[in-house]
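Inspection log for the structure reproduced underneath, given as structure tokens.
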Amino acid sequence: MPEVQEKFGVKDPLQVIDFLGMMGDSADNIPGLPGVGEKTAKKFLTAYGSMENLLENTHELKGKMKEKVENAKELGLLSKKLATIMLDVPVTFEAKDFELEQPNIEKVTQLFNELEFRNLLTNFLKTFANTDGVKATIASNSSEEPLKSTSKKASTKTDGQFGLFDSPGTGSFQETEISSGYKTIKNTDHFYQHINTPLSRKLLLTKLMQQTSVCFDTETTGLKALEVELIGIAFSWEIGKGYYVSFPENHSETKTILEEFRPFFTSEGIEKVGHNLKYDIKVLSNYEMPVKGSLFDTMIAHYLINPDMRHTMDMLAETYLNYQPVSITELIGKKGKNQLSMRVIPIKEQTEYAVEDADITFQLKEHFTKELFEGNLTKLFNDIELPLVSVLTAMEIEGVNVNVGFLNELSVALTDDISRLEKGIYEQAGEEFNIASPKQLGIVLFENMQLVTKPKKTKTGQYKTGEDILSYLAKDHKIIRDIQEYRQYKKLQSTYVDALPNEINEKTGRIHTQYMQAVAATGRLSSNNPNLQNIPIRTERGREVRKAFIPRDENYVLLAADYSQIELRIIAALSEEETMIEAFKNGEDIHASTAAKVFNVPLKEVTREQRSNAKTVNFGIIYGVSAFGLSNQTDLSRSDAKELIDTYYETYPKLKAYMSSQVDFAREHGYVETVLNRRRYLKDINSRNAMIRSGAERNAVNAPIQGSAADIIKLAMIHINSRLEKEHFKTKMLLQVHDELVFDVHKDELERVKPMIKYEMENAFKMQVPLDVEVGLGNNWLEAH
DNA sequence: CCGCCCACGC
DNA sequence: GACGTACGTGGGCGGA
């Protein structure tokens, strides 16, 4: 009905609302029909989409009407009837449907005459009958096939689209349906509504507050949660239905609008469903909007259900819902400098995209709730992973202070050393080349200089120049030692010293890493942008970088708390290997203790080399090392390595038995699990390919150990965080590095917090082996170690 | 733009 | 005879 658009200058497709508004305005003077007001009507209907929803939920509207009408309910029925008659469609249809239809002019005329709505009738006919008189003409299309009412759910045809069973010319999307096999937004019933007025937001909020579980999804200007601006938020709590609240570009205006939804976000009683909620919560934190109540994160749910798979929503939608969502790439382009901002995408497409995501996510929840239960994962999900979301969010928002000046000085010094080494290397090689290029370096070392007769090659035919290769040659060639040093400094400079200052957030002046909670197949976290879990510590020069990590200010001190040998303690406890358990109970140096036993010498007479070899075996056990691998890593010959491993298993027989039992369990059940029932499926455990199979067997041993350690530190993090909050400490948890936690401790709290952290870490999970935590303090991360 | 090589952590 | 330690992230190179 373009006439309506012209007449009222309305671009919004929901012309019917304007018509109703007009009707309301005109009806102001008519007894029995209160004025609704065009704007009011529009807003209410925008929020609720259908008259039915509108009438069921607009308490406020009804309240206002009460002044004018004795029986609000009666008015509701009247309006409903009006809408039905005027538009000749059942009111269960959504507002968007209305624009496809012409009002049934005959019926409306009849009704208005009956009701003596003279002004209204005049206006109505002016608008729809295209006459200025009272003569009622029956619109020619009113006899056409009525809108399909067969759909049970919210049944909206997107604009310009036809339904599945509609008239000819609709073959195009059926073809795509056949070719992809997935349902898409084009052939799926949905009602996604854009919300952008105060009243409609109020109505949405009212509706939100009546729910027990709602999915929300933020649309933003980018990927860095702490730097982006909010563009919109999609909400969904019903299959195929949802709302998209859009926000202006102005930050404080956005904040004001978002503030309207505070009751929802801070409601303890409404479960918040989302996909990667940590991101959304961080975005909202930019507007000082906390998110309370229980969470349900579909990304994490799926991570527990199958940690080895990918957990993108697109993939989950295809797998679990047989549905292919609108691709973000199609919408805003491939990532790169030409990628569009969501902001410039037409609001209709934004709405479709955003609400679809929320809709899908909400639907996924049902699937995953069931699968979590079936996998015995509900407790892990609810008691560990979901509470951890909030802990990690807080850590990421908190960030860590860094000494940029120090890093800059370090960089200058490294540049000096690098160029000095560079010169020397060129001299020794007799030519200039790019030392940082393994390809060029290999040619120089092994072709031109021929340092080795049979150099090893990679599968792509390049010469191997890795650290293990170079270290064999280091003794005999100064150039190799220089190259090793060069490599080390280059690495330090590019990956850490020069990169870290670029990661500082302009607003906070701190580095905010991101913890990935659904990446590592064993249950560990990972860290990126920047990765703060691989800051150097082993080499003298490298560990300097740690000095750059400093407390918040002079009132604080960094505290680093490390689990000592947690993985070995876990394997000792799980295997119930008494000898090893005793060693831990007695507080022995486990590697020395192992050495004493396998080399059959008194503890005090263990040599450095023996301890070192024992240590290598201890770690090898965790990772599943072979005699070959062990001999490669130590000075031992292959046969000595084999003997050492054999003796090791004789010393710790139950350990060997445990490892076999894990492999057996995996063969039988297809998965292994941690102390908190975190699962890892090992599909290759029965592979005929020996190499693939043994890889799975190593995983069968390693995953429960590494994963249990991850479980335990996560538990400790949750406990510590909750105590820091409850007891109102200023101290903040900053970093997690697999078996270590780093805190910014207020000096006044040190005496209370230090033992608390140690206690919570050591007692996070009870086993037959005690857990031991070493706590250090310092004015930088290195000192705190 | 992406795969490869290399190197940092636990 | 070959192959053979888990889990990650990221920078630089070089070919497409």
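In what follows, chains carry the letters A, B, and so on, assigned in the order in which the sequence lines appear, proteins first and then strands, with residues in each chain numbered from 1.
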**Message:** Please verify the inter-ring angle class for A/Phe619 with A/Tyr623; under 30° counts as parallel, over 60° as perpendicular, anything in between as tilted.
**Reply:**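 A/Phe619 vs A/Tyr623 ring planes: parallel.
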**Prompt:** Do any side-chain nitrogens or oxygens of A/Ser526 fall under 4.0 Å of OP1 or OP2 in C/dT9?
**Reply:** yes
Starting from [atom2] on [N], measure out to [atom1] on [X] and report it in whole angstrom.
X        : N      : atom1 : atom2 : result
A/Asp498 : C/dG10 : CG    : P     : 16 Å
A/Leu500 : C/dG10 : CG    : C1'   : 12 Å
A/Lys456 : C/dA2  : NZ    : C1'   : 12 Å
A/Gln493 : C/dG11 : CD    : P     : 13 Å
A/Ile443 : C/dC13 : CD1   : P     : 15 Å
A/Asn528 : C/dG11 : CG    : C1'   : 15 Å
A/Leu630 : C/dC3  : CG    : C1'   : 16 Å
A/Lys334 : B/dC1  : NZ    : P     : 8 Å

Once you apply a heavy-atom cut-off of 4.0 Å, does [X] come out as touching a base, just sugar-phosphate, or nothing?
X        : answer
A/Asn632 : nothing
A/Arg543 : nothing
A/Gln440 : sugar-phosphate

**Prompt:** Could you give the distance from CG (A/Asn502) to CG (A/Leu407), rounded to the nearest 0.5 Å?
**Reply:**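 Interatomic distance, A/Asn502 CG to A/Leu407 CG, rounded to 0.5 Å: 10.5 Å.
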**Asked** CE/A/Met299 to CG/A/Leu304 distance, rounded to the nearest 0.5 angstrom?
**Response** 10.5 Å
**Whether A/Gln533 side chain and A/Ser527 backbone form a donor-acceptor pair below 3.5 Å** =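 Yes, A/Gln533 side chain to A/Ser527 backbone: donor-acceptor pair under 3.5 Å.
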**Message:** Between A/Glu577 and A/Lys654 (side chain of the first, backbone of the second, donor and acceptor by atom type, cut-off under 3.5 Å), is there such a pair?
**Reply:** yes
**Asked** Taking both distances under 3.5 Å as the test for a Watson-Crick or G-U pair, what stems of at least three pairs does DNA chain C have?
**Response**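 Consecutive-pair runs (3 or more) involving DNA chain C: B:1-9 with C:7-15.
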Mind checking the [atom1] distance from [N] to [M]? Whole angstroms is fine.
N     : M     : atom1 : value
B/dC4 : C/dG4 : P     : 16 Å
C/dA2 : B/dC6 : C1'   : 24 Å
C/dG1 : B/dA7 : C1'   : 31 Å

**Prompt:** side chain to side chain donor-acceptor pair (under 3.5 Å): which pairs involve residues 436-450 of chain A, sequence neighbours left out?
**Reply:** A/Glu431-A/Asn448, A/Glu447-A/Tyr463
**Fill in**
For residues 483-501 of chain A, the salt bridge (Lys or Arg N to Asp or Glu O under 4.0 Å) pairs (sequence neighbours left out) are none
**Message:** So if I take residues 696-703 of chain A and measure heavy-atom distances to DNA chain C, which residues fall below 4.0 Å?
**Reply:** A/Arg698, A/Asn699, A/Asn702
**Along DNA chain C (nearest heavy atom to each residue), the more 5'-positioned of A/Phe628 and A/Arg680** =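 So the residue in question is A/Phe628.
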**Asked** How do A/Gly629 and A/Ser527 order along DNA chain C: which one's closest nucleotide is nearer the 5' end?
**Response**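 First, find each residue's nearest nucleotide; the 5'-ward one identifies A/Gly629.
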**Item:** side-chain hydrogen bond (donor to acceptor under 3.5 Å, both in side chains) involving A/Tyr658 - partner list, sequence neighbours excluded
**Value:**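 For A/Tyr658 there are no side-chain hydrogen bond (donor to acceptor under 3.5 Å, both in side chains) partners, ignoring immediate neighbours.
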**Prompt:** side-chain hydrogen bond (donor to acceptor under 3.5 Å, both in side chains) with A/Lys278: which of A/Gln517, A/Gln514, A/Glu396?
**Reply:**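 In the set A/Gln517, A/Gln514, A/Glu396, the residue that makes a side-chain hydrogen bond (donor to acceptor under 3.5 Å, both in side chains) with A/Lys278 is A/Glu396.
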**Request:** For A/Asn618 and A/Thr594, work out which heavy atoms get closest and say how close.
**Result:**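 Result for this residue pair: ND2-OG1, 3.2 Å.
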**Prompt:** Tell me, for nucleotides 4-10 of chain B in 5' to 3' order, what letter each nucleotide earns: B for a base near a protein heavy atom under 4.0 Å, S for only sugar-phosphate near one, - for neither?
**Reply:** SSSBBSB
**Request:** Output yes when A/Glu762 and A/Arg569 qualify as a salt bridge under the 4.0 Å nitrogen-oxygen rule, no when they do not.
**Result:** no
**Item:** Carboxylate-amine/guanidinium proximity below 4.0 Å for A/Asp482 and A/Lys478
**Value:**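 Yes, charged N to carboxylate O under 4.0 Å.
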